[in-house]
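What follows is a short report on a single structure.
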Amino acid sequence: MGYLLTEEQQLIQQNAREFAQEYIAPAAAEIDHTGAHPADIVAKMVEQDFLGIFMPAEFGGAEAGYLSYSLIIEEISRVSGAVAAILVNHASLAAYSISRWGSGEQKRTYLAALCQGEKLGAFALAEPGAAPGAGQQKVVAHKDGDDYVLHGRKCYVANGGAAGVYIVVAQTKPEAGAQGMSAFIVDSGTAGLSVVRTIGKMGLRGCQSAELEFNNVKIPAANLLGAEGTGLAIAAEAQAAAAIAEGAMMVGIAQAAMEDAVKYGKQRIQFRRPIASFPAIQTMLADMAANIHLLRLAVYDAASLLEKGEPFANEAAIIRLFAARAGQSALIDVIQVEGGYGYSQEMPASRLYRDVKGVVIKDSSLDFPEKIIAGNLLA
Ligand SMILES: Cc1cc2nc3c(=O)[nH]c(=O)nc-3n(C[C@H](O)[C@H](O)[C@H](O)COP(=O)(O)OP(=O)(O)OC[C@H]3O[C@@H](n4cnc5c(N)ncnc54)[C@H](O)[C@@H]3O)c2cc1C
């Protein structure tokens, strides 16, 4: 598939593979075990310019494009889904939103800090108990002179606690429903903002998920991102951009699992033959290889569209739909190929399966992919 990538993209891919092997792979099992935020690895990624890899040079980014970024995400995911998730939430959700809708001042202040890795980014949309903007604890933002005051709770915020900058989608006009939500840039150190708790997860551990409390958090009106009422539109596009990177995560995780299953299948002897020689095992391996190949092509395609400034929402929805099926079926089959050992904690398959499920659940937000794809077909 190399012909689809430029020489520069292949170099970036190779560099990311070596980086992931050298710095992340040795720590991956421990990150999963403790669930602690790997600040040392994030600092190493900053040195590699990964945090602003597809962002404009003007704001400290490397301007290497979304496809190069997706290649990096795939390589990191081959060794640690959690570390890849940290980067995706930072880059595809927080930094992307500011680069798309931020004012010049917001980009100089916040995007530059995110690109240079001075601050980690996070995106806070989900709320406890109900859909964003609908529940008792929703975050409401009301205008107070030259400020907005935010009050309420957000849950499941990836990079929560570690982040220095939050994009927060809050209700500014309850009577307007979805059109009444707006996005804000909030510094983590703002008075009244606190991390209530970190949510223990079964997978993607190390990319911490936090519940945040906004207790009359006062921010300047200049921190409104985009226009009032566009919060959900911003979230939808940022989530589509993230879906491409999460497709790359799925490719990386499934590829690592498949390679492990191939190795195991060649070594494990049953009935005096390696189990990889049995057609039932080969069918599972072939399904995995085909799905991974097609998903990778879909990621390259959508990432290329995004970096060219062309519409990518439909392609991102196709990735969401296909990645969930391909990733989950690959990991279930890998565990089957590896039998009792695959089910044990001694093999990586259980961590990889838990990580895959995390990507699928995270990615079931605002609109179902089927609705987006069918909507485009029927328009
Ligand atoms: C690892 C991880 C990271 C996350 N990171 C973030 C983050 O950084 N920021 C953030 O804001 N949120 C984050 N989330 C939250 C995530 O976006 C939500 O968990 C997700 O949108 C699903 O919402 P929910 O948990 O409220 O489930 P629900 O919406 O309650 O869904 C529960 C089940 O009901 C189904 N369902 C819901 N509505 C319908 C319907 N209309 N028709 C049929 N079935 C339906 C769902 O498909 C699902 O199977 C994260 C979640 C995870 C797991």
Side-chain angles (χ1 to χ4, degrees), residues 31-32 35 37 77 80-97 114 120-139 150 152-163 165-171 178 181 183-184 186 188 195-214 225 231-232 234-243 245-246 249-250 253 317 320-321 323-325 327-328 351-372 374-375:
I31 292 170
D32 179 57
H37 172 73
S77 303
S80 171
V83 174
I86 291 172
L87 187 51
V88 169
N89 285 286
H90 164 90
S92 292
L93 288 170
Y96 179 86
S97 298
L114 293 177
L120 200 60
F123 197 100
L125 174 67
E127 293 172 349
Q136 298 257 312
Q137 302 186 72
K138 64 178 172 278
V139 177
L150 277 61
R153 278 198 184 197
K154 289 287 178 187
C155 66
Y156 244 121
V157 181
N159 292 343
V165 175
Y166 293 97
I167 307 298
V168 180
V169 181
Q171 187 64 264
M181 308 276 288
F184 297 92
V186 182
S188 62
V195 173
V196 180
R197 66 185 181 116
T198 300
I199 301 165
K201 304 194 299 295
M202 64 185 266
L204 298 176
R205 291 162 53 74
C207 175
Q208 297 195 330
S209 296
E211 188 164 326
L212 304 180
E213 183 170 48
F214 295 78
L225 183 64
L232 282 193
I234 288 175
E237 185 177 318
Q239 286 187 350
E246 283 156 0
M249 283 181 69
M250 215 56 122
I253 297 170
R320 285 174 62 198
L321 187 61
R325 292 176 188 158
Q328 293 184 112
R351 167 167 61 87
L352 301 178
Y353 179 75
R354 289 182 282 110
D355 287 352
V356 155
K357 196 67 201 174
V359 179
V360 173
I361 298 288
K362 184 203 174 219
D363 197 21
S364 57
S365 200
L366 295 169
D367 254 342
F368 289 99
E370 293 89 338
K371 196 174 152 202
I372 297 171

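First listed ligand is number 1; within each ligand, the first listed atom is number 1.
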(Q) Are Gln328 and Lys357 packed together at the side-chain level, in the sense that at least one heavy-atom pair is separated by less than 4.5 angstrom? (A)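 In short, these two side chains touch, coming nearer than 4.5 Å.
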(Q) Taking the side chain as everything from C-beta on, heavy atoms only, tell me whether Lys362 gets closer than 4.5 Å to Leu204. (A)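 Counting from C-beta outward, Lys362 and Leu204 never come under 4.5 Å.
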Purely on distance, is any nitrogen or oxygen of [X] under 3.5 Å from one on ligand 1?
X      : value
Cys155 : no
Ala126 : yes
Tyr156 : yes
Phe123 : yes
Ala158 : yes

Of [options], the residue whose pairing with [X] passes side chain to side chain contact (heavy atoms under 4.5 Å, CB included):
X      : options                : value
Phe123 : Val168, Val169, Val157 : Val169
Cys207 : Ile86, Ile31, Val83    : Ile86
Leu120 : Asn159, Asn89, Val165  : Asn159

Q. Which bit of Asn159 is near ligand 1, meaning a heavy atom under 4.0 Å away: side chain, backbone, both or neither?
A.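 None of Asn159 does.
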Q.
Show me which atoms of ligand 1 lie under 4.0 Å from any heavy atom of Asn89.
A.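 What qualifies from ligand 1 is 8 (O).
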Q. Which of these, Lys371, Gln239, Lys362, has its nearest heavy atom closest to atom 3 (C) of ligand 1?
A.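 Answer by nearest heavy atom: Lys362.
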